[in-house]
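The analysis underlying the following values was restricted to heavy atoms, covering all of them including side chains, and did not include hydrogens, waters or symmetry mates.
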Amino acid sequence: MTHLSVEMLAADATVPITSAGHAQLGIAVLAGIAVIVLLITKFKLHAFLSLIIGSLVLGAVAGAPLDKVIASFSTGLGTTVAGTGVLIALGAILGRLLADSGGADQIVDTILARSSRRAMPWAMVLIAGIVGLPIFFEVGIVLLIPVVLLVAKRGNFSLMRIGIPALAGLSVMHGLIPPHPGPLVAIDAVGANLGITLALGVVVAVPTAIIAGPLFSRYAARWVDIRPPEKMMPQRASDDLEKRPGFAITVATVLLPVVMMLAKALVDVVVDDPQAGVQRVFDVVGSPLIALLTAVIVAMFTLGRAAGFGRGQTAATVERSLGPIAGVVLIVGAGGGFKQTLVDCGVGQMIMDVSKGWHLSALLLAWLIAVAIRLATGSATVATISAAGLVAPLAADMSTTHVALLVLAIGSGSLFFSHVNDAGFWLVKEYFGMSVGQTLKTWSVMETLISVVGIGCVLLLSLVV
């Protein structure tokens with residue numbers, strides 16, 4: 001679920017590095033994914049190395065020049081690390097400050113004290129949905145992971161019982177609700193009304209998040225009964241801390257980047273003039289990098305100083321936060337490299353060419369095209385952009401509400417079955433300490449549920465609006 005720029009994605013998708021036919025590209029995709037899965041599961045090779053080798057196999061089978069395959073992989077890795085990797089690092093620093101200062105303990109203790117055990121998964125999906133409204137999926141992950149892990153540990157929950165609702169809330173927001181980049185691009189491509197799309201999106205998102213979150217987490221916890229990984233677990237603040245931050249200031253610090261990015265989204269909707277001074281200011285202030293960096297700096301005072309940390313202890317806390325996530329950044333980056341290799345080989349274009357002969361309703365066709373591109377490239381944003389461009393002509397004969405539903409159908413399809421070519425897959429796997437098989441049985445099934453329930457709700461709405 002990487003958040004590359006629309007212009008870059010569109011450009012990459014139209015300049016294939018190979019002239020291979022559709023059959024050869026299909027075989028190449030299957031070969032690349034099979035090699036990755038085999039190396040990780042059978043030979044226990046590290047996912048970072050497996051993704052590199054799988055990308056090379058993909059390019060070789062597709063008949064692409066090896067130097068261009070290497071360049072594509074390097075570009076995807078660099079772009080992902082420069083974007084997602086930096087956000088992961090900043091989120092890790094914020095999470096460590098939250099944990100070491102006792103702020104995370106304060107949040108968890110307060111939530112556990114005020115919520116019944118039965119209500120905890122529902123509380124997590126609600127929090128994730130609110131937090132995930134204005135921010136990228138990856139940013140929401142790094143903000144919520146410390147709370148998810150600590151609630152699971154302190155409340156003696158299976159990690160899936162708490163983690164799946166949080167992931168579902170974030171993922172539904174990412175795929176269906178503007179101002180996320182995918183839905184906004186689709187709205188523009190098909191000429192949908194943003195307000196109507198947002199309203200219908202909420203109608204679709206609520207039951208989808210409930211089914212894929214709290215309800216599905218019951219089964220996910222039975223299939224994969226794991227506890228929070230100690231290496232990722234923010235440790236409880238030392239008992240001899242004389243004081244710790246209050247609940248209100250801790251929550252305000254954690255939500256600061258959310259508020260900053262939400263402010264940018266609201267200004268974008270209200271002003272809608274890229275050249276306006278106020279919008280240019282909020283484009284900077286509300287960017288994920290600046291928002292998280294600001295939160296980290298503020299946290300050094302509101303959390304660190306509130307716990308009695310001096311400059312040396314604050315610096316040590318920041319340094320300790322970066323070591324554990326080095327492997328996560330490399331794996332997520334390599335996942336981005338593999339995705340970029342797929343895109344540059346022309347796999348997305350191949351799927352669109354093949355799908356032109358399908359004869360289905362526009363909403364279902366849009367969903368299926370997005371599903372196919374999502375499976376092939378691993379990127380929800382690439383799937384949304386490509387599918388929206390392909391079905392845009394169909395919107396000319398649709399009502400305003402059905403054009404909005406077309407956007408939601410595309411968004412639902414773009415979330416279908418995240419697997420080894422999706423950077424989000426590796427992000428969830430590493431943070432939750434799961435194997436590839438466990439991630440497929442939980443995260444991948446959850447994403448598929450969101451996609452299927454989403455298109456089901458869209459088709460039902462199309463009958464009454």
Side-chain angles (χ1 to χ4, degrees), residues 1-2 12-13 16-81 84-85 327-351 354 371-380 382-383 416-430 433-445 447-448:
M1 284 190 181
T2 52
D12 289 341
I17 59 176
T18 175
S19 57
H22 292 167
Q24 185 176 354
L25 279 178
I27 294 172
V29 172
L30 295 176
I33 293 175
V35 165
I36 292 171
V37 173
L38 186 64
L39 289 176
I40 294 173
T41 58
K42 179 70 174 178
F43 296 99
K44 308 301 181 184
L45 192 64
H46 193 274
F48 175 65
L49 299 175
S50 301
L51 284 162
I52 296 176
I53 295 172
S55 299
L56 296 175
V57 170
L58 165 68
V61 176
L66 188 58
D67 59 334
K68 293 185 177 180
V69 174
I70 294 172
S72 291
F73 179 85
S74 299
T75 298
L77 186 148
T79 302
T80 303
V81 171
T84 304
V328 176
V329 171
L330 287 175
I331 292 172
V332 171
F338 183 59
K339 184 272 303 177
Q340 192 62 45
T341 305
L342 285 165
V343 173
D344 287 349
C345 282
V347 174
Q349 185 63 46
M350 173 200 74
I351 297 297
V354 172
V371 165
I373 300 173
R374 159 70 157 176
L375 289 173
T377 66
S379 171
V382 171
F416 191 89
F417 195 72
S418 164
H419 59 98
V420 297
N421 62 353
D422 178 16
F425 177 94
W426 301 104
L427 189 64
V428 171
K429 173 188 175 298
E430 293 302 311
M434 295 188 289
S435 67
V436 169
Q438 290 174 326
T439 311
L440 287 170
K441 287 193 292 185
T442 53
W443 159 255
S444 299
V445 173
E447 287 283 88
T448 304

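- The minimum heavy-atom distance between A423 and G336, with the atom names listed, is CB-N, 4.3 Å.
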> Does the side-chain contact (heavy atoms from CB on, under 4.5 Å) test come out yes or no for V436 and F425, once each step is laid out?
Replying inline: CA-CA 9 Å; V436 169; F425 177 94; 4.1 Å; yes
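- The side-chain contact (heavy atoms from CB on, under 4.5 Å) test with F73 singles out one residue from I52, L58, L56, and that residue is I52.
- Nearest heavy atoms, M434 versus T439: CB-OG1, 3.6 Å.
- Residue pairs meeting the side-chain hydrogen bond (donor to acceptor under 3.5 Å, both in side chains) criterion with at least one partner in residues 53-74, sequence neighbours excluded, are S72-D344.
- Considering every non-hydrogen atom in both A64 and V69, the closest pair reads CB-CG2, 3.7 Å.
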Side chains of residues 19-31: which donor-acceptor pairs under 3.5 Å do they make with residues two or more places apart or in other chains?
from	atom 1	to	atom 2	distance (Å)
Q24	NE2	V61	O	2.8
Q24	NE2	A62	O	3.4

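- Every residue meeting the side-chain hydrogen bond (donor to acceptor under 3.5 Å, both in side chains) condition with S418, not counting sequence neighbours, appears here in chain and number order: D422, W443.
- For V328, the side-chain contact (heavy atoms from CB on, under 4.5 Å) criterion is met by I88, M232, V332, L427, E430, not counting sequence neighbours.
- Side chains of I373 and F416 form no contact here, defined as non-hydrogen atoms less than 4.5 Å apart.
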>> Please determine whether side-chain contact (heavy atoms from CB on, under 4.5 Å) holds for the pair T442 and V428, giving the CA-CA distance in whole Å, both sets of side-chain angles, and the decisive distance to 0.1 Å.
In response: CA-CA 10 Å; T442 53; V428 171; over 6 Å; no
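- The minimum heavy-atom distance between S50 and I40, with the atom names listed, is OG-CG1, 3.4 Å.
- Within the 4.5 Å cutoff, the side chain of I33 has heavy atoms near those of the F338 side chain.
- A distance of 14.0 Å separates CZ of F43 from CG of L49, quoted to the nearest 0.5 Å.
- Side-chain contact between L77 and Q340: absent, with no pair of heavy atoms (C-beta onward) separated by less than 4.5 Å.
- Heavy-atom minimum distance, I331 versus L51: O-CD1, 3.7 Å.
- Considering only residues two or more places apart in sequence or on other chains, L330 meets the side-chain contact (heavy atoms from CB on, under 4.5 Å) condition with F48.
- Taking both residues in full, the closest heavy atoms of L440 and S444 are given as O-CB, 3.1 Å, listed atom of the first, atom of the second, then distance.
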